[in-house]
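Per chain, numbering begins at 1; letters A, B, ... match sequence-line order.
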Protein chains: 2
Amino acid sequence: MSTSAMPSSAMPSDASAIYRRYLSAVLLHGHAGARAVGLGATDLYALNILDLTGPMTPGELGERTGLTTGPTTRLVDRLEKAGYVRRAADPHDRRKVIVEPLDRPAGLDGALDPARRRIGEILGGYTPEQLSVLFDYFTRAAEAYREAAEEL
Amino acid sequence: MSTSAMPSSAMPSDASAIYRRYLSAVLLHGHAGARAVGLGATDLYALNILDLTGPMTPGELGERTGLTTGPTTRLVDRLEKAGYVRRAADPHDRRKVIVEPLDRPAGLDGALDPARRRIGEILGGYTPEQLSVLFDYFTRAAEAYREAAEEL
DNA sequence: CCTAATCTCTTCCTAAAGGAAGAGAACTCA
DNA sequence: TGAGTTCTCTTCCTTTAGGAAGAGATTAGG
């Protein structure tokens, strides 16, 4: 209870608990959404990587997911078949393949819609000044989490 | 591209992209953290459920995770062995078991520490007014995600 | 009390994901 | 141009998670 890394001066006294509940809810929802459309854990992981980093080769994707080449090929197969990515040719090296994330098609997007609607309503209740604070946080936090994930 | 549910009036023009990157980063980090301490996807899912809802019987946990009784028993076995939960007796019904989440022991907590440090630094840069906006959002969004997850 | 229902756990089986090893194509560089 | 390297993909094997069925214990209700 006393080990919080957050400075307590300007935070709610239960800041740590609130934030933790918030994170749990986000993760829970992400997992439930993926499961709802038949997406495996690794598949979702890979999609998030592609979303954050952009197109990359199967080799790099395998490196980032920690998979060897065999499972990586099949991972891309699954994602491509489900319509989440496409394989494109590398114009400079014909051995390589470029895995490009596609705009989320029906499946996952539909599953995440109820949450998006709710969050949209919540955000709609803030003033422009408050919104700029929130989006400033979203931007910084995204970078922080991306870096922290890379560290692992 | 034009189907965003967010009112565009007071948001950054790329609000949807920012928010999506943010969510991807959170999920990515959660997954990477779990993987780093050898926690399976379902195990993490169950931990988040217990975190949000509190102690419950294996039956209820199985219901929420979508598992049948066999895998549920082994799920609790794994979590208990890793020190994340304990099995307690139900005082009113000796057939039942109550699965209680424990304070995160060394493993997962350590893996999530770098992120907590970074987020702590970011939050430390805001004024008290800005922080109250952020924590207001965290509280509301947690509830929204919890509801949306339940819907799935 | 005695039967039926409920709850967890055990056992066995199936399915899916990941590792290992190697093949085939293409690039690099001497 | 030829040898070595670097890609992706294929094949086979192992591991792990999840489903099915049923046992054992306990509670509830007639």
**Student:** B/Arg94 CZ to D/dT27 P: how many Å, rounded?
**Tutor:**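 Taking atom P of D/dT27 as the reference, CZ of B/Arg94 is at 5 Å.
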**Student:** Would you please name every residue forming a side-chain hydrogen bond (donor to acceptor under 3.5 Å, both in side chains) with A/Ser24, sequence neighbours left out?
**Tutor:**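 side-chain hydrogen bond (donor to acceptor under 3.5 Å, both in side chains) list for A/Ser24, sorted by chain: B/Asn48, B/Asp51.
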**Student:** Under the rule for side chain to side chain contact (heavy atoms under 4.5 Å, CB included), what residues qualify as partners of A/Asp77, not counting sequence neighbours?
**Tutor:** A/Thr73, A/Arg74, A/Arg87
**Student:** List in chain and number order the residues that pass salt bridge (Lys or Arg N to Asp or Glu O under 4.0 Å) with A/Glu150, two or more places apart in sequence or in another chain; answer none if no residue qualifies.
**Tutor:** A/Arg64, A/Arg146
**Student:** side-chain hydrogen bond (donor to acceptor under 3.5 Å, both in side chains) with B/Arg95: which residues, sequence neighbours excluded?
**Tutor:** B/Asp93
**Student:** B/Glu63 has an atom CD; how far is it from atom C1' of C/dC7, in whole Å?
**Tutor:** 13 Å
**Student:** A/Tyr145 vs B/Tyr22 aromatic rings, parallel, tilted or perpendicular, using cut-offs 30° and 60°?
**Tutor:**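 A/Tyr145 vs B/Tyr22 ring planes: tilted.
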**Student:** Atom pairs under 3.5 Å, N or O on each side, protein against nucleotides 15-18 of chain D: can you list them with distances?
**Tutor:**
| residue | atom | partner | partner atom | Å |
| --- | --- | --- | --- | --- |
| D/dG18 | OP1 | B/Thr42 | OG1 | 2.6 |
| D/dG18 | N7 | B/Arg74 | NH2 | 2.6 |

**Student:** Quick one: side chains of residues 25-44 of chain A, donor-acceptor pairs under 3.5 Å with protein atoms, not counting sequence neighbours, listed by atom name and distance.
**Tutor:**
| residue | atom | partner | partner atom | Å |
| --- | --- | --- | --- | --- |
| A/Arg35 | NH1 | B/Thr65 | O | 2.4 |
| A/Asp43 | OD1 | A/Arg78 | NE | 3.4 |
| A/Asp43 | OD1 | A/Arg78 | NH2 | 3.1 |
| A/Asp43 | OD2 | A/Arg78 | NE | 2.9 |

**Student:** Restricting to nitrogen or oxygen on both sides, can you table the protein-nucleotides 7-9 of chain D pairs closer than 3.5 Å?
**Tutor:**
| residue | atom | partner | partner atom | Å |
| --- | --- | --- | --- | --- |
| D/dT8 | OP1 | A/Pro58 | N | 3.4 |
| D/dT8 | OP1 | A/Gly59 | N | 3.3 |
| D/dT8 | OP2 | A/Gly59 | N | 3.0 |
| D/dC9 | OP1 | A/Arg87 | NH1 | 3.0 |
| D/dC9 | OP2 | A/Arg87 | NH1 | 3.1 |
| D/dC9 | N4 | A/Thr69 | OG1 | 2.5 |

**Student:** Residues two or more places apart in sequence or in another chain: which of them pass side chain to side chain contact (heavy atoms under 4.5 Å, CB included) with B/Arg86?
**Tutor:**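 By the side chain to side chain contact (heavy atoms under 4.5 Å, CB included) rule, B/Arg86 matches B/Ala88, B/Glu100, B/Leu102.
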**Student:** For A/Asp14, enumerate each residue passing the side-chain hydrogen bond (donor to acceptor under 3.5 Å, both in side chains) test, keeping only those at least two apart in sequence or located in another chain.
**Tutor:**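 Here no residue qualifies.
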